[in-house]
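One-based numbering along the sequence shown.
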Amino acid sequence: MIPHLLSITIFLPLAAACVVFVLPASSERTIKMAGLIGSGIVFAVSLVLFAGFNSAAAGFQFHEHLDWIPSLNIGYDLGIDGMSMLLILLTTFLTPLALLGTWNSVSKNIKAYIIMLLLLEVGMLGVFASLDLFLFYIFWEAMLIPMYFIIGIWGGPNRIYAAVKFFLYTLFGSLLMLVAILSLGYFASTLPGGHFTTNLIELYRIAPSIPSTMQLWMFLAFGLSFAIKVPLWPLHTWLPDAHVEAPTAGSVILAGVLLKMGTYGFIRFNLPLFPSASIAAAPYISTLAVIGIVYGALVAMVQTDMKKLVAYSSVSHLGFVVLGIFSMTEEGMQGAIIQMVNHGLSTGALFLLVGMIYDRTHTRAIAEYGGVAKLMPVFATIFMIVSFSSIGLPGLNGFVGEFLVMIGAFKSVFLDSKIFVAIAGLGVIFSAVYMLWMYQRVMFGPAHSNGLYNGHALTEINKREIAVLVPILVFIVWIGVYPKTFLKVSAPAAKHTVEQMEMIKLGEHIQYSSQLPK
(Lines give C-alpha, C1' and ligand atoms only; values in the text may rest on other atoms or scores of the structure.)
Protein backbone atom coordinates (compact mmCIF):
# COMPACT_ATOMS: atom_id res chain seq x y z
CA MET A 1 0.00 0.00 0.00
CA ILE A 2 1.18 3.52 -0.82
CA PRO A 3 2.63 5.27 2.28
CA HIS A 4 0.65 8.22 3.63
CA LEU A 5 -2.17 7.50 1.18
CA LEU A 6 -4.70 9.26 3.40
CA SER A 7 -2.66 12.46 3.52
CA ILE A 8 -2.15 12.28 -0.24
CA THR A 9 -5.91 12.03 -0.73
CA ILE A 10 -6.56 15.02 1.53
CA PHE A 11 -3.94 17.37 0.12
CA LEU A 12 -4.01 16.48 -3.57
CA PRO A 13 -6.75 19.11 -4.16
CA LEU A 14 -4.36 21.67 -2.59
CA ALA A 15 -1.69 20.68 -5.11
CA ALA A 16 -4.25 21.04 -7.90
CA ALA A 17 -5.19 24.48 -6.55
CA CYS A 18 -1.51 25.49 -6.67
CA VAL A 19 -1.34 24.41 -10.31
CA VAL A 20 -4.43 26.48 -11.11
CA PHE A 21 -2.93 29.44 -9.23
CA VAL A 22 0.12 29.65 -11.49
CA LEU A 23 -1.94 29.46 -14.69
CA PRO A 24 -2.71 32.78 -16.45
CA ALA A 25 -6.20 34.06 -15.62
CA SER A 26 -6.96 34.53 -19.31
CA SER A 27 -6.64 30.78 -20.01
CA GLU A 28 -10.11 29.95 -18.69
CA ARG A 29 -10.50 26.62 -20.46
CA THR A 30 -7.07 25.46 -19.27
CA ILE A 31 -7.96 26.48 -15.71
CA LYS A 32 -11.22 24.54 -15.86
CA MET A 33 -9.45 21.48 -17.27
CA ALA A 34 -6.78 21.67 -14.57
CA GLY A 35 -9.44 21.81 -11.86
CA LEU A 36 -11.42 18.96 -13.39
CA ILE A 37 -8.39 16.74 -13.95
CA GLY A 38 -7.07 17.51 -10.45
CA SER A 39 -10.35 16.62 -8.75
CA GLY A 40 -10.64 13.54 -11.00
CA ILE A 41 -7.21 12.35 -9.86
CA VAL A 42 -8.31 12.84 -6.23
CA PHE A 43 -11.32 10.60 -6.91
CA ALA A 44 -9.05 7.98 -8.49
CA VAL A 45 -6.75 8.04 -5.44
CA SER A 46 -9.77 7.69 -3.13
CA LEU A 47 -10.72 4.56 -5.07
CA VAL A 48 -7.24 3.17 -4.33
CA LEU A 49 -7.91 4.02 -0.68
CA PHE A 50 -11.22 2.16 -0.88
CA ALA A 51 -9.58 -0.85 -2.56
CA GLY A 52 -7.16 -1.15 0.37
CA PHE A 53 -9.86 -0.68 3.02
CA ASN A 54 -10.75 -3.82 5.01
CA SER A 55 -14.52 -3.61 5.41
CA ALA A 56 -14.58 -6.58 7.78
CA ALA A 57 -12.29 -4.94 10.34
CA ALA A 58 -13.43 -2.69 13.16
CA GLY A 59 -11.48 0.37 14.25
CA PHE A 60 -9.53 2.94 12.27
CA GLN A 61 -7.36 2.14 9.28
CA PHE A 62 -4.64 4.00 7.32
CA HIS A 63 -3.56 5.57 10.60
CA GLU A 64 -0.96 8.33 10.37
CA HIS A 65 0.70 10.15 13.28
CA LEU A 66 3.15 13.01 13.47
CA ASP A 67 3.96 15.09 16.54
CA TRP A 68 2.59 18.56 15.88
CA ILE A 69 2.49 20.45 19.20
CA PRO A 70 4.29 18.03 21.56
CA SER A 71 3.97 20.28 24.63
CA LEU A 72 0.17 19.89 24.47
CA ASN A 73 0.15 16.33 23.05
CA ILE A 74 -1.55 17.63 19.90
CA GLY A 75 -0.67 15.55 16.89
CA TYR A 76 -1.33 15.22 13.19
CA ASP A 77 -3.46 12.10 13.59
CA LEU A 78 -5.43 10.66 10.71
CA GLY A 79 -7.46 7.49 10.32
CA ILE A 80 -10.72 6.30 8.81
CA ASP A 81 -13.39 3.74 9.54
CA GLY A 82 -16.22 2.62 7.27
CA MET A 83 -18.32 5.73 7.81
CA SER A 84 -15.37 8.01 7.01
CA MET A 85 -14.54 5.92 3.95
CA LEU A 86 -18.01 6.31 2.45
CA LEU A 87 -18.09 10.06 3.09
CA ILE A 88 -14.63 10.54 1.59
CA LEU A 89 -15.75 8.66 -1.52
CA LEU A 90 -18.89 10.82 -1.68
CA THR A 91 -16.78 13.99 -1.45
CA THR A 92 -14.29 13.01 -4.11
CA PHE A 93 -17.08 11.72 -6.37
CA LEU A 94 -19.26 14.84 -6.25
CA THR A 95 -16.49 17.45 -6.59
CA PRO A 96 -15.46 16.71 -10.22
CA LEU A 97 -19.12 16.22 -11.18
CA ALA A 98 -19.98 19.62 -9.69
CA LEU A 99 -17.15 21.20 -11.69
CA LEU A 100 -18.10 19.49 -14.95
CA GLY A 101 -21.82 20.05 -14.44
CA THR A 102 -21.36 23.80 -14.10
CA TRP A 103 -18.72 24.13 -16.84
CA ASN A 104 -20.33 27.22 -18.39
CA SER A 105 -22.32 28.50 -15.40
CA VAL A 106 -19.67 30.83 -13.96
CA SER A 107 -18.23 33.58 -16.12
CA LYS A 108 -16.26 35.80 -13.72
CA ASN A 109 -13.06 35.11 -11.79
CA ILE A 110 -12.91 31.51 -13.03
CA LYS A 111 -9.45 31.00 -11.60
CA ALA A 112 -10.43 32.01 -8.05
CA TYR A 113 -13.64 29.99 -8.32
CA ILE A 114 -11.84 26.75 -9.17
CA ILE A 115 -9.25 27.35 -6.44
CA MET A 116 -11.99 27.87 -3.84
CA LEU A 117 -13.74 24.64 -4.79
CA LEU A 118 -10.48 22.70 -4.54
CA LEU A 119 -9.61 24.25 -1.16
CA LEU A 120 -13.11 23.41 0.03
CA GLU A 121 -12.47 19.77 -0.89
CA VAL A 122 -9.30 19.77 1.25
CA GLY A 123 -11.25 20.96 4.28
CA MET A 124 -14.05 18.43 3.82
CA LEU A 125 -11.68 15.48 3.41
CA GLY A 126 -9.67 16.59 6.44
CA VAL A 127 -12.79 16.72 8.61
CA PHE A 128 -13.69 13.11 7.78
CA ALA A 129 -10.17 11.78 8.43
CA SER A 130 -9.03 13.67 11.57
CA LEU A 131 -8.40 11.68 14.75
CA ASP A 132 -7.24 14.68 16.75
CA LEU A 133 -9.87 17.16 17.92
CA PHE A 134 -7.64 20.19 17.36
CA LEU A 135 -6.79 19.04 13.83
CA PHE A 136 -10.48 18.37 13.23
CA TYR A 137 -11.28 21.91 14.36
CA ILE A 138 -8.66 23.38 11.99
CA PHE A 139 -10.17 21.58 9.00
CA TRP A 140 -13.72 22.42 10.18
CA GLU A 141 -12.92 26.14 10.31
CA ALA A 142 -10.80 26.14 7.15
CA MET A 143 -13.76 24.76 5.21
CA LEU A 144 -15.85 27.84 6.08
CA ILE A 145 -13.61 30.29 4.23
CA PRO A 146 -13.86 28.95 0.66
CA MET A 147 -17.61 28.30 1.00
CA TYR A 148 -18.09 31.86 2.28
CA PHE A 149 -16.37 33.22 -0.84
CA ILE A 150 -18.15 30.80 -3.19
CA ILE A 151 -21.51 32.08 -1.97
CA GLY A 152 -20.44 35.70 -1.49
CA ILE A 153 -18.69 36.23 -4.85
CA TRP A 154 -20.40 33.86 -7.29
CA GLY A 155 -23.86 33.71 -5.71
CA GLY A 156 -27.17 35.36 -6.55
CA PRO A 157 -28.48 38.89 -5.85
CA ASN A 158 -28.62 38.41 -2.06
CA ARG A 159 -25.31 36.55 -1.89
CA ILE A 160 -23.65 38.78 0.71
CA TYR A 161 -26.52 38.37 3.17
CA ALA A 162 -26.57 34.59 2.64
CA ALA A 163 -22.79 34.25 2.93
CA VAL A 164 -22.55 36.28 6.14
CA LYS A 165 -25.49 34.40 7.67
CA PHE A 166 -23.91 31.05 6.82
CA PHE A 167 -20.56 32.15 8.23
CA LEU A 168 -21.91 33.61 11.49
CA TYR A 169 -24.18 30.65 12.25
CA THR A 170 -21.40 28.13 11.72
CA LEU A 171 -18.73 30.20 13.45
CA PHE A 172 -20.86 30.64 16.58
CA GLY A 173 -21.29 26.90 16.98
CA SER A 174 -17.63 26.28 16.19
CA LEU A 175 -16.41 28.57 18.97
CA LEU A 176 -18.46 26.66 21.53
CA MET A 177 -16.97 23.43 20.21
CA LEU A 178 -13.45 24.86 20.61
CA VAL A 179 -14.16 25.66 24.27
CA ALA A 180 -15.41 22.10 24.74
CA ILE A 181 -12.29 20.66 23.07
CA LEU A 182 -10.03 22.61 25.41
CA SER A 183 -12.14 21.57 28.40
CA LEU A 184 -11.86 17.91 27.41
CA GLY A 185 -8.09 18.23 27.07
CA TYR A 186 -7.85 19.86 30.50
CA PHE A 187 -10.05 17.17 32.07
CA ALA A 188 -7.70 14.51 30.70
CA SER A 189 -4.81 16.26 32.46
CA THR A 190 -6.60 16.12 35.84
CA LEU A 191 -6.85 12.32 35.87
CA PRO A 192 -4.21 10.29 37.76
CA GLY A 193 -1.19 10.02 35.49
CA GLY A 194 -3.02 12.02 32.87
CA HIS A 195 -1.92 14.81 30.55
CA PHE A 196 -3.50 17.39 28.28
CA THR A 197 -4.49 15.76 25.00
CA THR A 198 -6.83 16.23 22.08
CA ASN A 199 -6.18 12.76 20.65
CA LEU A 200 -9.57 11.22 19.92
CA ILE A 201 -8.55 7.63 20.73
CA GLU A 202 -7.20 8.66 24.14
CA LEU A 203 -10.34 10.69 24.84
CA TYR A 204 -12.50 7.68 23.91
CA ARG A 205 -10.75 5.72 26.67
CA ILE A 206 -11.41 8.32 29.37
CA ALA A 207 -14.98 9.10 28.23
CA PRO A 208 -16.66 6.83 30.82
CA SER A 209 -14.91 8.73 33.63
CA ILE A 210 -16.25 12.14 32.57
CA PRO A 211 -18.81 13.32 35.20
CA SER A 212 -22.42 13.32 34.00
CA THR A 213 -22.84 17.08 34.46
CA MET A 214 -19.72 17.79 32.44
CA GLN A 215 -20.87 15.31 29.82
CA LEU A 216 -24.11 17.22 29.42
CA TRP A 217 -22.39 20.57 28.89
CA MET A 218 -19.85 19.05 26.52
CA PHE A 219 -22.63 17.31 24.60
CA LEU A 220 -24.47 20.61 24.20
CA ALA A 221 -21.34 22.48 23.10
CA PHE A 222 -20.42 19.92 20.44
CA GLY A 223 -24.04 19.18 19.58
CA LEU A 224 -24.98 22.80 18.90
CA SER A 225 -22.17 23.13 16.38
CA PHE A 226 -23.20 19.92 14.64
CA ALA A 227 -26.93 20.72 14.82
CA ILE A 228 -26.31 24.05 13.05
CA LYS A 229 -24.36 22.27 10.32
CA VAL A 230 -26.98 19.51 9.75
CA PRO A 231 -29.12 21.78 10.06
CA LEU A 232 -31.48 20.55 12.75
CA TRP A 233 -34.77 22.42 13.27
CA PRO A 234 -34.98 25.25 14.47
CA LEU A 235 -31.34 26.06 13.57
CA HIS A 236 -31.98 25.61 9.86
CA THR A 237 -32.76 29.17 8.77
CA TRP A 238 -29.35 29.80 7.18
CA LEU A 239 -29.71 26.86 4.80
CA PRO A 240 -32.41 28.00 2.32
CA ASP A 241 -30.70 31.39 1.88
CA ALA A 242 -27.30 29.75 1.33
CA HIS A 243 -28.69 27.23 -1.17
CA VAL A 244 -30.72 29.73 -3.16
CA GLU A 245 -27.90 32.26 -3.45
CA ALA A 246 -25.00 29.83 -3.96
CA PRO A 247 -23.92 28.95 -7.50
CA THR A 248 -24.96 25.48 -8.61
CA ALA A 249 -21.63 23.82 -7.75
CA GLY A 250 -21.75 25.43 -4.30
CA SER A 251 -25.27 24.09 -3.73
CA VAL A 252 -24.23 20.60 -4.84
CA ILE A 253 -21.28 20.49 -2.43
CA LEU A 254 -23.21 22.19 0.35
CA ALA A 255 -26.08 19.70 0.19
CA GLY A 256 -24.02 16.71 -0.87
CA VAL A 257 -21.19 16.92 1.65
CA LEU A 258 -21.14 19.89 4.03
CA LEU A 259 -24.43 19.06 5.74
CA LYS A 260 -23.12 15.53 6.43
CA MET A 261 -20.33 16.98 8.53
CA GLY A 262 -22.91 17.70 11.24
CA THR A 263 -24.39 14.21 11.30
CA TYR A 264 -20.89 12.74 11.06
CA GLY A 265 -19.92 14.79 14.12
CA PHE A 266 -22.79 13.39 16.17
CA ILE A 267 -21.67 9.81 15.45
CA ARG A 268 -17.92 10.39 15.68
CA PHE A 269 -17.83 12.66 18.76
CA ASN A 270 -21.08 13.13 20.69
CA LEU A 271 -22.11 9.51 21.10
CA PRO A 272 -18.76 7.90 22.03
CA LEU A 273 -17.37 10.85 24.04
CA PHE A 274 -20.55 11.66 25.97
CA PRO A 275 -22.56 8.42 26.01
CA SER A 276 -24.63 9.08 29.14
CA ALA A 277 -25.59 12.55 27.95
CA SER A 278 -26.38 11.15 24.49
CA ILE A 279 -28.74 8.58 25.98
CA ALA A 280 -30.46 11.22 28.08
CA ALA A 281 -30.77 13.61 25.12
CA ALA A 282 -31.89 11.02 22.56
CA PRO A 283 -35.69 11.57 22.94
CA TYR A 284 -35.28 15.35 22.79
CA ILE A 285 -32.96 15.37 19.77
CA SER A 286 -35.24 12.86 18.03
CA THR A 287 -38.21 15.13 18.71
CA LEU A 288 -36.41 17.99 16.95
CA ALA A 289 -35.54 15.59 14.12
CA VAL A 290 -39.13 14.52 13.43
CA ILE A 291 -40.34 18.11 13.70
CA GLY A 292 -37.74 18.98 11.07
CA ILE A 293 -38.89 16.09 8.87
CA VAL A 294 -42.49 17.32 8.81
CA TYR A 295 -41.71 21.04 8.90
CA GLY A 296 -39.20 20.85 6.04
CA ALA A 297 -41.67 18.88 3.92
CA LEU A 298 -44.60 21.21 4.61
CA VAL A 299 -42.58 24.34 3.85
CA ALA A 300 -41.22 22.71 0.68
CA MET A 301 -44.81 22.22 -0.51
CA VAL A 302 -45.50 25.96 -0.68
CA GLN A 303 -42.30 27.03 -2.41
CA THR A 304 -42.51 28.73 -5.79
CA ASP A 305 -38.75 28.47 -6.45
CA MET A 306 -37.44 25.01 -7.45
CA LYS A 307 -34.11 25.53 -5.74
CA LYS A 308 -35.72 26.65 -2.50
CA LEU A 309 -38.01 23.62 -2.60
CA VAL A 310 -35.00 21.30 -2.87
CA ALA A 311 -33.28 23.25 -0.05
CA TYR A 312 -36.18 22.72 2.35
CA SER A 313 -36.35 19.06 1.34
CA SER A 314 -32.82 18.77 2.78
CA VAL A 315 -34.10 19.88 6.18
CA SER A 316 -36.64 17.06 6.00
CA HIS A 317 -34.25 14.37 4.73
CA LEU A 318 -31.50 15.18 7.23
CA GLY A 319 -34.09 14.80 9.99
CA PHE A 320 -34.22 11.09 9.06
CA VAL A 321 -30.45 10.85 9.46
CA VAL A 322 -30.54 12.41 12.94
CA LEU A 323 -33.44 10.14 13.96
CA GLY A 324 -31.45 7.10 12.86
CA ILE A 325 -28.38 8.23 14.81
CA PHE A 326 -30.25 8.77 18.06
CA SER A 327 -32.26 5.57 17.77
CA MET A 328 -28.87 4.04 18.70
CA THR A 329 -29.76 0.75 17.05
CA GLU A 330 -27.63 -0.99 14.47
CA GLU A 331 -30.36 -0.67 11.83
CA GLY A 332 -30.90 3.01 12.60
CA MET A 333 -27.18 3.79 12.59
CA GLN A 334 -26.64 1.94 9.33
CA GLY A 335 -29.66 3.69 7.85
CA ALA A 336 -28.31 7.07 8.96
CA ILE A 337 -24.88 6.46 7.40
CA ILE A 338 -26.23 5.19 4.07
CA GLN A 339 -28.81 7.98 4.02
CA MET A 340 -25.99 10.53 4.27
CA VAL A 341 -24.65 9.08 1.03
CA ASN A 342 -28.12 8.80 -0.51
CA HIS A 343 -28.98 12.41 0.22
CA GLY A 344 -25.69 13.56 -1.24
CA LEU A 345 -26.44 11.72 -4.47
CA SER A 346 -30.13 12.54 -4.93
CA THR A 347 -30.10 16.14 -3.69
CA GLY A 348 -26.79 16.84 -5.44
CA ALA A 349 -28.39 15.59 -8.66
CA LEU A 350 -31.51 17.71 -8.08
CA PHE A 351 -29.41 20.86 -7.69
CA LEU A 352 -27.50 19.98 -10.87
CA LEU A 353 -30.77 19.48 -12.76
CA VAL A 354 -32.24 22.74 -11.51
CA GLY A 355 -28.99 24.49 -12.41
CA MET A 356 -29.07 23.05 -15.93
CA ILE A 357 -32.56 24.35 -16.68
CA TYR A 358 -31.75 27.67 -14.99
CA ASP A 359 -28.74 28.12 -17.29
CA ARG A 360 -31.17 27.94 -20.23
CA THR A 361 -33.98 30.17 -18.93
CA HIS A 362 -32.46 32.20 -16.06
CA THR A 363 -35.46 31.52 -13.85
CA ARG A 364 -36.23 28.93 -11.16
CA ALA A 365 -39.88 29.94 -10.70
CA ILE A 366 -42.10 26.86 -11.02
CA ALA A 367 -44.89 28.97 -12.51
CA GLU A 368 -42.64 29.91 -15.46
CA TYR A 369 -42.50 26.32 -16.67
CA GLY A 370 -44.82 23.78 -18.21
CA GLY A 371 -44.59 21.16 -20.93
CA VAL A 372 -40.83 20.75 -20.43
CA ALA A 373 -41.03 16.97 -20.89
CA LYS A 374 -42.01 17.40 -24.53
CA LEU A 375 -39.05 19.67 -25.26
CA MET A 376 -36.48 17.94 -23.03
CA PRO A 377 -37.46 14.24 -22.76
CA VAL A 378 -34.04 13.02 -21.60
CA PHE A 379 -33.89 15.75 -18.95
CA ALA A 380 -37.43 14.92 -17.81
CA THR A 381 -36.62 11.19 -17.55
CA ILE A 382 -33.53 11.77 -15.42
CA PHE A 383 -35.40 14.31 -13.28
CA MET A 384 -38.13 11.71 -12.71
CA ILE A 385 -35.68 9.02 -11.55
CA VAL A 386 -33.90 11.42 -9.20
CA SER A 387 -37.25 12.67 -7.83
CA PHE A 388 -38.31 9.08 -7.12
CA SER A 389 -34.97 8.57 -5.39
CA SER A 390 -35.58 11.61 -3.19
CA ILE A 391 -39.10 10.39 -2.37
CA GLY A 392 -37.80 6.98 -1.32
CA LEU A 393 -39.28 4.74 -4.02
CA PRO A 394 -38.40 1.04 -3.45
CA GLY A 395 -35.64 -0.03 -5.80
CA LEU A 396 -33.83 3.29 -5.50
CA ASN A 397 -31.34 4.43 -2.88
CA GLY A 398 -33.59 6.69 -0.80
CA PHE A 399 -35.82 3.80 0.22
CA VAL A 400 -32.96 1.82 1.77
CA GLY A 401 -31.87 4.58 4.16
CA GLU A 402 -35.33 5.67 5.25
CA PHE A 403 -36.52 2.07 5.72
CA LEU A 404 -33.54 1.19 7.94
CA VAL A 405 -33.94 4.39 9.96
CA MET A 406 -37.62 3.71 10.61
CA ILE A 407 -36.95 0.10 11.62
CA GLY A 408 -34.20 1.26 13.96
CA ALA A 409 -36.36 3.97 15.55
CA PHE A 410 -39.28 1.53 15.88
CA LYS A 411 -37.29 -1.00 17.91
CA SER A 412 -35.11 1.48 19.81
CA VAL A 413 -35.08 1.04 23.59
CA PHE A 414 -33.46 4.46 23.89
CA LEU A 415 -36.44 6.25 22.32
CA ASP A 416 -38.98 3.75 23.69
CA SER A 417 -41.83 5.22 21.65
CA LYS A 418 -43.38 4.43 18.28
CA ILE A 419 -44.58 8.01 17.84
CA PHE A 420 -41.26 9.02 16.29
CA VAL A 421 -41.74 6.50 13.47
CA ALA A 422 -45.36 7.53 12.96
CA ILE A 423 -44.45 11.20 12.55
CA ALA A 424 -41.43 10.39 10.36
CA GLY A 425 -43.77 8.36 8.14
CA LEU A 426 -45.74 11.52 7.46
CA GLY A 427 -42.56 13.06 6.11
CA VAL A 428 -42.28 10.27 3.54
CA ILE A 429 -45.83 10.96 2.36
CA PHE A 430 -45.32 14.72 2.26
CA SER A 431 -42.07 14.34 0.29
CA ALA A 432 -44.02 12.53 -2.42
CA VAL A 433 -46.53 15.39 -2.44
CA TYR A 434 -44.07 18.25 -2.96
CA MET A 435 -41.73 16.43 -5.35
CA LEU A 436 -44.46 15.02 -7.60
CA TRP A 437 -46.42 18.25 -7.51
CA MET A 438 -43.37 20.21 -8.66
CA TYR A 439 -42.56 17.60 -11.30
CA GLN A 440 -46.11 17.59 -12.66
CA ARG A 441 -46.27 21.38 -12.96
CA VAL A 442 -42.83 21.78 -14.53
CA MET A 443 -42.84 18.79 -16.87
CA PHE A 444 -46.52 18.31 -17.76
CA GLY A 445 -48.16 21.64 -17.01
CA PRO A 446 -49.54 23.84 -19.81
CA ALA A 447 -46.79 24.55 -22.31
CA HIS A 448 -46.03 28.14 -23.28
CA SER A 449 -47.73 29.01 -26.55
CA ASN A 450 -44.73 30.91 -27.89
CA GLY A 451 -42.29 28.17 -26.90
CA LEU A 452 -40.23 30.59 -24.78
CA TYR A 453 -39.58 30.40 -21.05
CA ASN A 454 -38.72 33.71 -19.46
CA GLY A 455 -37.89 34.81 -22.97
CA HIS A 456 -35.55 31.89 -23.69
CA ALA A 457 -35.92 28.71 -25.74
CA LEU A 458 -35.43 25.33 -24.08
CA THR A 459 -32.94 22.87 -25.53
CA GLU A 460 -32.27 19.28 -24.51
CA ILE A 461 -29.36 18.62 -22.16
CA ASN A 462 -26.08 17.96 -23.98
CA LYS A 463 -23.60 15.10 -23.80
CA ARG A 464 -21.51 16.80 -21.11
CA GLU A 465 -24.55 17.22 -18.86
CA ILE A 466 -25.64 13.62 -19.46
CA ALA A 467 -22.11 12.46 -18.60
CA VAL A 468 -22.42 14.28 -15.27
CA LEU A 469 -25.80 12.79 -14.36
CA VAL A 470 -25.36 9.17 -15.49
CA PRO A 471 -22.74 8.23 -12.82
CA ILE A 472 -25.08 9.54 -10.12
CA LEU A 473 -27.97 7.51 -11.58
CA VAL A 474 -25.78 4.39 -11.52
CA PHE A 475 -25.22 4.73 -7.78
CA ILE A 476 -28.85 5.66 -7.13
CA VAL A 477 -29.92 2.34 -8.67
CA TRP A 478 -26.95 0.36 -7.33
CA ILE A 479 -27.62 1.30 -3.70
CA GLY A 480 -31.35 0.76 -4.18
CA VAL A 481 -30.95 -2.73 -5.66
CA TYR A 482 -27.86 -4.03 -3.84
CA PRO A 483 -27.08 -1.85 -0.79
CA LYS A 484 -24.88 -4.55 0.78
CA THR A 485 -21.91 -3.24 -1.23
CA PHE A 486 -21.93 -0.10 0.90
CA LEU A 487 -23.64 -1.26 4.09
CA LYS A 488 -20.92 -3.83 4.75
CA VAL A 489 -18.33 -1.04 4.70
CA SER A 490 -20.01 0.92 7.50
CA ALA A 491 -21.32 -2.10 9.45
CA PRO A 492 -18.36 -2.51 11.89
CA ALA A 493 -18.35 1.20 12.80
CA ALA A 494 -22.13 1.25 13.32
CA LYS A 495 -22.08 -1.95 15.37
CA HIS A 496 -19.24 -0.75 17.61
CA THR A 497 -20.99 2.57 18.37
CA VAL A 498 -24.31 0.87 19.16
CA GLU A 499 -22.68 -1.74 21.39
CA GLN A 500 -20.97 1.01 23.37
CA MET A 501 -24.29 2.81 23.92
CA GLU A 502 -26.01 -0.42 24.95
CA MET A 503 -23.25 -1.18 27.48
CA ILE A 504 -23.60 2.30 28.99
CA LYS A 505 -27.37 1.91 29.26
CA LEU A 506 -27.01 -1.55 30.79
CA GLY A 507 -24.41 -0.24 33.25
CA GLU A 508 -26.71 2.58 34.32
CA HIS A 509 -29.56 0.08 34.77
CA ILE A 510 -27.37 -2.19 36.92
CA GLN A 511 -26.21 0.77 39.00
CA TYR A 512 -29.83 1.90 39.51
CA SER A 513 -30.97 -1.63 40.40
CA SER A 514 -28.22 -2.00 43.01
CA GLN A 515 -29.55 1.09 44.81
CA LEU A 516 -33.10 -0.22 45.14
CA PRO A 517 -34.16 -1.33 48.66
CA LYS A 518 -33.91 -5.06 49.22
Look up atom [atom1] in [X] and atom [atom2] in [Y], then write down how far apart they are to the nearest 0.5 Å.
X    : Y    : atom1 : atom2 : value
S286 : I291 : OG    : CD1   : 11.0 Å
H496 : M333 : NE2   : CE    : 11.0 Å
I407 : E331 : CD1   : CD    : 6.5 Å
L200 : D132 : CG    : CG    : 8.5 Å
L90  : F486 : CG    : CZ    : 10.5 Å

Counting C-beta onward and ignoring hydrogens, is there a side-chain heavy-atom pair between [X] and [Y] closer than 4.5 Å?
X    : Y    : answer
L131 : F60  : yes
T248 : V354 : no
D77  : H63  : yes
L87  : M83  : yes
H343 : V321 : no
I145 : Y148 : no
L352 : V252 : yes
Q303 : V310 : no

- Message: Using every non-hydrogen atom in the two residues, find where G344 and L94 come nearest and quote the distance to one decimal.
- Response: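 Reported closest heavy-atom pair: O-CD1, 3.7 Å.
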- Message: Which heavy atom of W233 sits nearest to which heavy atom of H236, and what is that distance?
- Response: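 Where W233 meets H236 most closely, the heavy atoms are CD1-CE1, 3.5 Å.
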For a quick check under 3.5 Å, do [X] and [Y] share a side-chain donor-acceptor pair by atom type?
X    : Y    : result
N270 : S278 : no
T198 : Y137 : no
S316 : Y295 : no
H317 : T347 : no
S412 : S327 : no
E121 : T92  : no

- Check the angle between the aromatic planes of F166 and W238 and answer parallel, tilted or perpendicular using the 30° and 60° thresholds.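 Ring orientation, 0 to 90° scale: tilted.
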- Task: Just say parallel, tilted or perpendicular for the rings of F136 and W140, cut-offs at 30° and 60°.
- Result: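 Correct class here is tilted.
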- Run the ring pair (Phe, Tyr, Trp, His ring centres under 6.0 Å) check on W478 and F475 step by step: do they pass? CA-CA 5 Å; W478 186 349; F475 282 102; 5.5 Å; yes
- Report the C-alpha distance between I153 and R159 in whole Å, list the side-chain angles of each, state the deciding distance to 0.1 Å, and finish with yes or no for side chain to side chain contact (heavy atoms under 4.5 Å, CB included). CA-CA 7 Å; I153 296 176; R159 57 186 179 274; 5.9 Å; no
- Task: May I have the step-by-step check of side chain to side chain contact (heavy atoms under 4.5 Å, CB included) for L309 and M435, ending in yes or no?
- Result: CA-CA 9 Å; L309 183 149; M435 286 302 301; 4.0 Å; yes
- Message: Consider ring-ring contact (aromatic ring centres under 6.0 Å, His included). Of Y284, F226, F420, F266, which one does F326 pass it with?
- Response: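 Among Y284, F226, F420, F266, the one meeting ring-ring contact (aromatic ring centres under 6.0 Å, His included) with F326 is F266.
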Do side-chain atoms of [X] reach the backbone of [Y] as a donor and acceptor pair under 3.5 angstrom?
X    : Y    : answer
T329 : G408 : yes
S39  : T95  : no
Q215 : S276 : yes

- Task: Using the salt bridge (Lys or Arg N to Asp or Glu O under 4.0 Å) rule, collect all pairs that involve residues 264-282, keeping only residues at least two apart or in two chains.
- Result: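 Sorted pair list: D81-R268.
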Got a sec: does the [atom1] of [X] have more than 12 other heavy atoms crowding it under 6.0 Å?
X    : atom1 : value
F134 : CZ    : no
Y186 : OH    : no
F43  : CZ    : yes

- Please walk me through it: do W154 and M116 pass side chain to side chain contact (heavy atoms under 4.5 Å, CB included)? CA-CA 11 Å; W154 296 279; M116 288 301 158; 4.2 Å; yes
- Looking at I253, L117, L120, I151, which one forms a side chain to side chain contact (heavy atoms under 4.5 Å, CB included) with P146?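 The option that passes is L120.
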- side chain to side chain contact (heavy atoms under 4.5 Å, CB included) partner of L118, the single match among V122, I115, I114: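 Going through the options one by one, the only one that passes is I114.
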- Given the rule in the side chain to side chain contact (heavy atoms under 4.5 Å, CB included) test, do Y161 and E245 qualify, once you have shown the distances and angles that lead to the verdict? CA-CA 9 Å; Y161 169 78; E245 299 304 325; over 6 Å; no
